[in-house]
Amino acid sequence: MARLKVHQDKIDDPEALVAVCPFGSMSVKDGNVVIDDSCRMCLNCVNTGPKGAVEFIVEKKKKPLKKERWQGVAVYVAQVDGEIHPVTYELIGKAKELAGKLHQPVYALLIGSQVQAAAKELQHYGIDKIFVYDDPKLARFAIEPYTAVFERFIKQNKPNSILVGATTVGRQLAPRVAARMRTGLTADTTILDMDAKSTDLSQIRPAFGGNIIAHIVTPNNRPQMATVRYKVMDAAPRQEEISGEIVEKKINEKKLVSNEKIIDIIPKPAEQSIESADVLVAAGRGVKSKAELDQLKELANLLGGQLAGTRPLVENGWIDVRQQIGLSGRTVRPKLIICVGISGAIQFIAGMDNADNIVAINNDPKATIFKSAHYCLVGDQSDIIPQLIADIKARKGE
Amino acid sequence: MPGSSEVKVDPDTGLLIRDGDNVKMNPYDLFALETALRLKKEKGGEITVLSMGPQAAKAVIEEAFAMGADHGALLSDRRFGGADVLATSYALSQGIKALGDFDLILCGKQTTDGDTAQVGPEISEYLEIPAVANVTKIREVTDETMTVEMDMPNQLEVVEVAFPCLLTVEKDIYQPRLPSYVLKKATADRKIPIYSLDDMDDQDENNYGLSGSPTQVKKIFPPETNTTQTMLEGTAEEQAKKLTTTLADLKLI
Amino acid sequence: MAYKTFTKEDYTAILDLINDNDRVLYQDAIQEEYGHDELGGTESLPDVVVLAASTADVSKVMTYAYENNIPVTARGAGTGLVGACVPIEHGILIDISKMDQILELDEDNLTLTVQPGVLLMTIGDYTAEHDLFFPPDPGEKSATIAGNIATNAGGMRAVKYGVTRDFVRELEVVLPTGKVVTFGGKVVKNSSGLDLKDLIIGSEGILGIITKAVLKLLPAPKKVISLLVPFPTLRQAIDTVPEIVRSENVPIAIEFMEQDVILDAEEYLGKKFPDHSADAYLLLRFDGNTDEEVEKAYQPVADLCLKQGAVDVFISDTQEREDSIWKARSAFLEAIKGSTTDMDELDTVVPRSKVNEMVAYFPEVSKEQGIRIKSFGHAGDGNLHAYMLKDDLSEAEFQKRMTKTMELVYEKAHNLGGLVSGEHGIGYAKKRYLKETMDPVNLELMRGIKKTFDPKNILNPNKVFDV
């Protein structure tokens with residue numbers, strides 16, 4: 001059992017120590033600093049409070065974990081109908097790096113039905129063992145049978161760490177498996193590293209809407225589990241030659257019982273709202289013709305995003321009022337917004353300045369939009385945009 | 001978990017500034033409660049709201065009463081403190097067991113502080129019931145099952161799930177109602193039982209709080225903010241090339 | 001009066017005064033929005049636009065205009081609704097929106113000194129950081145402070161706090177002659193002669209150009225909560241307003257809204273309002289320093305609403321809830337605009353005791369004249385906004401019906417003891433209605449004042465009244 005002990009004699013200014021707690025879990029009672037049950041054990045008081053004032057005490061568990069029994073880094077293969085989600089290759093890239101530090105193997109866990117082709121494809125990515133659980137009952141994701149298979153894989157192979165893509169399925173399956181294994185799971189990690197000596201996985205993730213970053217470890221439990229979002233890690237390159245062993249596994253039918261039935265799979269209506277788009281191409285007054293606007297639409301499609309714009313474009317009827325960004329329109333927070341021909345009135349800026357990446361293209365070097373942009377292109381959009389479209393197409397191999 | 005999505009960070013210390021006396025329901029949980037209220041209106045039944053936290057979290061349950069919930073309970077015990085996702089889920093699942101039988105457990109998508117979206121699935125494991133996450137729509141409810149739409153990246157899966165089960169609902173499944181002054185007055189005296197470790201079926205302290213938490217926070221620190229500005233200069237061709245490379249580096253292509 | 005025709009030489013002379021190519025726009029460089037305001041309708045382009053950077057810029061240009069008999073119009077963010085910033089006689093347009101610096105926060109005197117182009121939202125954010133606030137709260141947060149002062153804007157907190165006039169201590173003004181003067185002072189009391197500062201407030205840019213303002217601030221209330229009160233009928237909702245106004249705990253805002261406007265706003269924002277089941281709503285807002293204080297203030301009012309037949313009283317007590325209500329409230333104008341082809345607006349104000357009569361009149365006149373009218377507004381201060389919608393009417397038919405409707409509504413307001421404009425101003429669009437409803441003696445006094453300030457009638461001519 002681990003706990004915090006407050007050494008009152010080492011505290012000169014109780015209020016100052018209390019102020020250190022980001023969760024408001026400390027208070028002064030009868031002159032003593034006490035910690036209440038809202039404590040999150042962030043250890044900020046230990047690390048930044050007066051030296052020795054708060055002690056972190058870890059009492060050894062009765063049965064120490066035999067960490068050396070847990071070997072290898074496993075990746076859960078996200079697939080739907082045999083089609084592998086690209087986050088999988090990114091996780092394989094990271095798993096190889098982590099396993100390399102431990103000189104341990106990399107595993108892939110592939111669950112589904114008729115996934116032989118997918119298994120063969122995985123052989124191009126330098127994985128040591130690809131465990132395949134192929135059964136008609138596993139054709140579509142259902143929480144109970146998938147968890148049962150996952151559990152069996154872990155018990156038989158005892159991996160040190162497991163990486164799962166933070167897909168819709170991964171975000172349900174990973175916690176269920178973690179709970180079954182009574183182990184830790186860190187969601188949406190952005191940085192992963194392996195400590196070769198302790199074999200502990202360093203997991204770094206943003207919390208509180210990205211307002212703080214937490215460094216998390218799972219020192220006393222195995223396997224160590226983490227989910228990672230798509231497009232965070234670098235993908236492992238595909239190799240021409242084949243390597244690794246495909247291990248076909250069977251599982252007892254009784255384990256595959258599900259209380260869920262997939263009745264139908266329906267295509268999702270195309271995402272229309274600019275608020276939920278990851279990528280936006282926003283057009284402003286500088287966009288002078290319908291033809292230019294169509295180009296921007298093409299650019300938006302190419303980036304998997306949507307077209308948006310400023311108020312004047314709504315007023316002349318080129319875009320719908322639902323596509324208007326700004327104080328009198330909608331507030332957006334995409335990963336990327338490319339502002340084309342937008343001067344940067346405060347009304348517009350206030351609607352988009354929380355975007356992760358802001359690109360501004362404008363022929364006026366003094367345009368206010370450049371003050372808010374991360375990437376600035378001073379120039380004529382009618383020259384830049386067609387080039388950009390061609391370049392992106394070339395890069396995407398179209 | 002109480003919390004509001006309004007979180008401020010002190011720019012000098014990097015520490016969170018929290019409004020200590022302002023305990024409000026996690027905004028994501030409002031969607032779960034609204035779903036429950038609509039199901040109740042259509043199919044009957046009773047709604048119990050369960051929360052874990054300090055005594056002040058009673059306010060969250062009172063808020064749920066003012067929205068139309070029937071019962072509430074608070075898990076509060078010093079020994080639950082310092083819990084990570086696993087220990088939190090375990091305590092909540094024990095709390096649910098202590099409350100008695102149920103047909104359906106509804107959870108919000110995530111909390112605003114940790115936003116891990118793991119508590120729902122982990123509770124369902126401890127209760128050994130089926131669970132569906134990312135629910136965007138409830139299609140049909142019968143005596144034994146309910147049919148819901150699960151939001152997948154490129155499609156919607158229509159899933160029929162048997163009771164008892166757990167659903168994690170998406171934001172905006174329904175617009176949450178506002179608390180009612182009439183209900184607030186009518187429920188002002190309603191009792192909220194407090195459950196401690198002593199009320200649980202499993203009373204082993206090692207499964208709760210910090211001792212029951214496999215993950216440990218080694219440290220927290222403020223993020224580096226992206227305030228740099230890059231000029232992409234040159235001819236239109238060069239600018240386009242530079243931007244394409246930048247977008248590719250950012251994994252946006 | 002004949003003004004000098006603006007020539008290339010005038011442009012060169014003004015460019016010489018400003019000495020910055022980018023801040024003097026001529027001919028093709030003049031964007032079309034300089035020819036109209038937010039609502040449109042009144043349209044006329046200037047000959048030249050000067051983006052002023054300082055009081056000296058304004059003074060220099062004004063002096064040149066005075067000497068050469070060229071008309072001048074001042075413009076802020078262009079968010080007006082009655083054409084007050086439209087240069088009807090062309091000439092020079094002075095855009096003050098680049099003069100957007102906050103100059104001083106005086107925490108001892110609780111005043112904020114600002115340049116004229118500072119936006120209302122900037123003042124809101126800045127004061128909030130210092131736990132202070134500037135109470136006037138018009139819906140249009142991207143308006144400039146000078147524009148707010150020039151119209152004596154009111155907004156949603158007027159019930160408890162009053163209007164812009166109540167929060168201006170001192171003004172620096174460039175007169176039509178180009179002379180720079182200061183009216184008022186950082187003082188709380190003032191019996192030093194005629195209050196020229198108060199003459200400038202609400203003068204819509206016809207007496208002088210505001211180049212600096214000292215605003216009065218208050219300590220910010222720590223807690224704000226809103227009550228959304230559904231009523232079975234609009235009548236019941238409106239009839240409750242005088243009761244609330246009479247009660248001991250006055251809300252900071254009392255707004256009324258009808259279901260169809262809420263539905264328009266939902267459509268416009270793509271977001272659901274927390275409740276749209278009732279025909280009509282009152283929206284009340286209370287502030288105070290603690291939860292208990294605010295709760296104590298709103299309870300009797302909530303009980304009163306229930307007694308008057310309210311279906312329920314919903315409590316909005318978090319940022320998310322406040323946003324879901326007030327964002328929709330702020331979008332009403334845009335939402336109504338989006339629901340039709342064209343529209344014009346009314347900003348009439350009546351004594352608070354007559355609000356119900358005025359509100360009841362809208363559907364009546366709408367039916368009678370065959371024109372769709374949507375209304376919402378500040379029930380608590382008698383300021384009602386009504387919008388006449390063109391829909392499928394031909395332009396000629398719309399103009400005809402709208403003009404008739406306006407006449408009738410203003411006549412009704414006048415009979416109830418009301419006035420033409422509560423907060424949007426007269427500008428160009430509402431001139432004839434002011435003339436029709438105002439005592440000629442009052443207008444004659446206004447003309448005299450205008451003549452004293454602006455003997456050549458070069459500053460924002462053709463606005464508010466004819467000289």
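Every chain is numbered from 1, with letters handed out A, B, ... down the list of sequences.
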- Message: Regarding A:Arg140 and B:Glu157, does a basic nitrogen lie under 4.0 Å from an acidic carboxylate oxygen?
- Response: yes
- Query: Run the side chain to side chain contact (heavy atoms under 4.5 Å, CB included) check on A:Tyr375 and B:Gln239 step by step: do they pass?
  - Reply: CA-CA 11 Å; A:Tyr375 302 97; B:Gln239 287 180 308; over 6 Å; no
- Message: Do A:Ile266 and B:Glu149 have side chains that approach each other closer than 4.5 Å (heavy atoms only, starting at C-beta)?
- Response: yes
- Message: Using heavy-atom distances under 4.5 Å, tell me whether B:Thr147 contacts chain A through its side chain, its backbone, both, or neither.
- Response: side chain
- Highest number of heavy-atom pairs under 4.5 Å with chain A among B:Gly234, B:Ala236, B:Pro130 belongs to B:Pro130
- Query: Under a 4.5 Å cut-off applied to non-hydrogen side-chain atoms, are B:Met152 and A:Val169 in contact?
  - Reply: yes
- What is the distance from atom CD1 of A:Ile204 to atom CD1 of B:Ile220, rounded to the nearest 0.5 Å? 13.0 Å
- Residue A:Glu144 versus chain B: region with a heavy atom under 4.5 Å: side chain
- Item | Heavy-atom side-chain contact between B:Lys218 and A:Leu43 under 4.5 Å | no
- Message: What part of B:Val132 gets within 4.5 angstrom of chain A, counting heavy atoms only: side chain, backbone, both, or neither?
- Response: both
- Below 4.5 Å, heavy atoms only, C-beta onward: do A:Lys335 and B:Leu252 meet side chain to side chain? yes
- Query: Going by heavy atoms in the side chains, are B:Asp151 and A:Lys268 under 4.5 Å from each other?
  - Reply: yes
- Note on the structure: Ranking A:Pro267, A:Ala179, A:Gly184 by heavy-atom pairs under 4.5 Å to chain B gives rank one to A:Ala179
- Message: For A:Leu303 and B:Ile253: C-alpha separation, side-chain torsions, deciding distance, then whether side chain to side chain contact (heavy atoms under 4.5 Å, CB included) applies.
- Response: CA-CA 6 Å; A:Leu303 293 167; B:Ile253 298 179; 4.0 Å; yes
- Task: Sort out for me which of A:Ile389, A:Leu377, A:Ile358, A:Thr227 touches chain B most, counting heavy-atom pairs under 4.5 Å.
- Result: A:Leu377
- Could you look at A:Met233 and say if it's the side chain, the backbone, both or neither that has a heavy atom under 4.5 Å from chain B? backbone
- Message: Quick check on A:Val217 against chain B: is it the side chain, the backbone, both or neither that has a heavy atom closer than 4.5 Å?
- Response: both
- Task: Check whether any side-chain heavy atom of A:Arg395 sits under 4.5 Å from a side-chain heavy atom of B:Thr245, and report yes or no.
- Result: yes
- Message: Counting C-beta onward and ignoring hydrogens, is there a side-chain heavy-atom pair between B:Gln216 and A:Pro219 closer than 4.5 Å?
- Response: yes
- Task: Quick one: do A:Ile384 and B:Glu237 satisfy side chain to side chain contact (heavy atoms under 4.5 Å, CB included)? Show the steps, please.
- Result: CA-CA 7 Å; A:Ile384 297 172; B:Glu237 287 80 20; over 6 Å; no
- Query: Looking at B:Val161, B:Leu232, B:Asn207, which one has more heavy-atom pairs under 4.5 Å with chain A than the rest?
  - Reply: B:Leu232
- Item | chain B contact via A:Val80 - which portion, at a heavy-atom distance below 4.5 Å | side chain
- Task: Heavy-atom pairs under 4.5 Å with chain B are the metric here; pick the option from A:Gly379, A:Ala390, A:Ala373 that has the most.
- Result: A:Ala373
- Note on the structure: Of A:Thr167, A:Ile143, A:Asp380, A:Asn259, the largest count of non-hydrogen pairs under 4.5 angstrom with chain B goes to A:Asn259
- Message: Testing the basics here: between B:Leu86 and A:Arg182, what is the closest heavy-atom pair and its distance to 0.1 Å?
- Response: CD2-C, 3.8 Å
- Partner chain B: residue of A:Ser25, A:Ala360, A:Pro175 with the largest heavy-atom pair count (under 4.5 Å): A:Pro175
- If only atom types and distance count, is the side chain of B:Gln118 paired as donor or acceptor with the main-chain N or O of A:Gln172 below 3.5 Å? no
- Task: Tell me, for A:Val46 versus chain B, whether the close heavy atoms (under 4.5 Å) come from the side chain, the backbone, both or neither.
- Result: neither
- Query: Taking every heavy-atom pair that is under 4.5 Å apart, which of B:Tyr126, B:Phe163, B:Tyr90, B:Phe80 has the most such pairs with chain A?
  - Reply: B:Tyr126
- Message: Quick check on the interface: out of A:Thr147, A:Ile262, A:Asp383, who has the most heavy-atom pairs with chain B under 4.5 Å?
- Response: A:Ile262
- Message: Apply side chain to side chain contact (heavy atoms under 4.5 Å, CB included) to residues B:Phe221 and A:Ile212 and explain how you reach the verdict.
- Response: CA-CA 6 Å; B:Phe221 49 96; A:Ile212 58 168; over 6 Å; no
- Do B:Lys241 and A:Leu388 come within less than 4.5 Å of each other through their side chains, counting heavy atoms only? no
- Under a 4.5 Å heavy-atom cut-off, does chain A meet the side chain of B:Ser89, its backbone, both or neither? neither
- Task: With a 4.5 angstrom heavy-atom cut-off, could you sort out which part of A:Thr186 is near chain B: side chain, backbone, both or neither?
- Result: both
- Note on the structure: Among B:Cys165, B:Gly81, B:Ala131, the residue with the most heavy-atom pairs under 4.5 Å to chain A is B:Ala131
- Item | Heavy-atom closest contact (A:Arg176 atom, B:Pro121 atom, distance) | CD-O, 3.8 Å
- Note on the structure: When the 4.5 angstrom heavy-atom criterion is applied to A:Leu185 and chain B, the contacting part is both
- Message: Given heavy-atom pairs under 4.5 angstrom as the criterion, report whether the side chain, backbone, both or neither of B:Val159 touches chain A.
- Response: both
- Task: Give, as side chain, backbone, both or neither, the part of B:Ile129 having an atom under 4.5 angstrom from any heavy atom of chain A.
- Result: backbone
